[in-house]
Amino acid sequence: MSFLRRRSAATPAGPDFDVLAMDPGDWPGNLGAGLLPAPDGSCQGVFLRYDLYGGRGPAMIIGNLPEGSPARETEEGQVPFEVAQLLLARENDEPIEVVSSEDVPVMQGDNLLIVRRVKLSESRIACVQFDRSDGVLVTIASWDRPITDDLYTLLKPLPAELFQQG
């Protein structure tokens, strides 16, 4: 996901928010991370790419997009940014669109989480989204793996400092 890394000579500041993802130490495959920069150098999103297929492409992308991030803007029927990046990384150029979405309540410990399940025209992709209390949109796109409620218990905040370069 090098296309998401900053290309300027200035040292990237990294995100000013915690990233909700699976801890890299808990994941048995390869992990890649990318920052989506704005022209002013601020961070407009963090994406983590989890690969369980031994270098044959990612199994999952988890995106964290703060309010105001242009990657959150999608046209009617257009797939979320994370789905588009998953397809690009898998070298799949078939036209995919959103068929429908459904809000589903999920219990996470003692907290109720409203998860939006996004149904796509490509059945091998599972996609869910939910809003965090700090306004960050989390999107999980998975290739050929269902997203079950158990996945939400694996998510934890990774500190923004983890994504700072310097």
Problem set entry | Gap between atom CG of Leu154 and atom CE of Met22 - 0.5 Å precision | 6.5 Å

Problem set entry | Derivation and outcome, side-chain contact (heavy atoms from CB on, under 4.5 Å), residues Val98 and Leu120 | CA-CA 5 Å; Val98 173; Leu120 303 165; 3.8 Å; yes

For this session: Evaluate the side-chain proximity of Thr139 to Phe81: yes if any heavy-atom separation is below 4.5 Å, no if none is.
Result: no

Problem set entry | Closest contact, heavy atoms only, Gly68 versus Gln44 | O-OE1, 3.5 Å

Seminar exercise, completed: For Thr74 and Val79 the tightest heavy-atom approach is CG2-O, 3.8 Å

Problem set entry | salt bridge (charged side-chain N to carboxylate O under 4.0 Å, His left out) between Arg72 and Asp131, worked out | CA-CA 12 Å; Arg72 288 175 72 153; Asp131 294 304; 3.8 Å; yes

Problem set entry | Candidate pair Leu87 and Asp93, rule side-chain contact (heavy atoms from CB on, under 4.5 Å), full reasoning | CA-CA 7 Å; Leu87 290 167; Asp93 59 359; over 6 Å; no

Problem set entry | Any side-chain heavy-atom pair of Arg49 and Met60 under 4.5 Å | no

Problem set entry | Atom pair CD (Glu82) and CZ (Phe47), whose distance is rounded to the nearest 0.5 Å | 5.0 Å

For this session: Enter the distance from Ile140:CD1 to Leu151:CG here, rounded to the nearest 0.5 Å.
Result: 4.5 Å

Problem set entry | Cluster overlap Leu86 with Leu137, hydrophobic side-chain contacts below 4.5 Å | no

Exercise. Can you name the nearest heavy-atom pair linking Glu94 to Arg124, along with the distance?
Worked result: OE2-NH2, 3.7 Å

Exercise. Within a strict 4.5 Å, meaning less than it, do heavy atoms of the Leu158 and Asp23 side chains meet?
Worked result: yes

Exercise. Can you find a heavy atom in the side chain of Val115 that is under 4.5 Å from one in the side chain of Pro105?
Worked result: no

Problem set entry | Value rounded to 0.5 Å, distance of CH2 in Trp143 from CG in Asn92 | 4.5 Å

For this session: Output the distance between atom CZ (Arg132) and atom CG (Leu65), rounded to the nearest 0.5 Å.
Result: 10.5 Å

Exercise. Is there a side-chain contact between Pro80 and Gln129, using heavy atoms and a 4.5 Å cut-off?
Worked result: yes

Exercise. Does Asn64 reach the main-chain N or O of Leu20 with its side chain, forming a donor-acceptor pair under 3.5 Å?
Worked result: yes

Exercise. To the nearest 0.5 Å, how far apart are CZ in Phe17 and CG in Asp134?
Worked result: 8.5 Å

Exercise. Taking side chain as C-beta onward, heavy atoms only, is Val104 less than 4.5 Å from Ile114?
Worked result: no

For this session: Could you walk me through whether Leu36 and Cys43 pass side-chain contact (heavy atoms from CB on, under 4.5 Å), step by step?
Result: CA-CA 6 Å; Leu36 180 63; Cys43 181; 6.0 Å; no

Exercise. Looking at Ala126 and Ile147, what are the two nearest heavy atoms and their distance?
Worked result: O-CD1, 3.7 Å

For this session: Salt-bridge test for Glu97 and Lys119: reply yes if a basic N is under 4.0 Å from a carboxylate O, no otherwise.
Result: no

For this session: Using a strict cut-off of less than 4.0 Å between a Lys/Arg side-chain nitrogen and an Asp/Glu carboxylate oxygen, indicate whether Arg90 and Asp51 qualify as a salt bridge.
Result: no

For this session: Could you check if a side-chain atom of Ile125 sits within less than 4.5 angstrom of a side-chain atom of Val83, using non-hydrogen atoms only?
Result: yes

For this session: For the pair Asp149 and Arg117, evaluate salt bridge (charged side-chain N to carboxylate O under 4.0 Å, His left out) and give the outcome as yes or no after the intermediate values.
Result: CA-CA 11 Å; Asp149 293 354; Arg117 293 192 188 276; 3.1 Å; yes

For this session: With side-chain contact (heavy atoms from CB on, under 4.5 Å) as the test, would you mind laying out the steps for Ile61 and Tyr50 before giving the verdict?
Result: CA-CA 6 Å; Ile61 291 182; Tyr50 298 90; over 6 Å; no

Exercise. Are any non-hydrogen side-chain atoms of Phe130 and Val106 less than 4.5 angstrom apart?
Worked result: no

Exercise. Under 3.5 Å, side chain of Ser69 to main-chain N/O of Pro66, donor-acceptor pair present?
Worked result: no

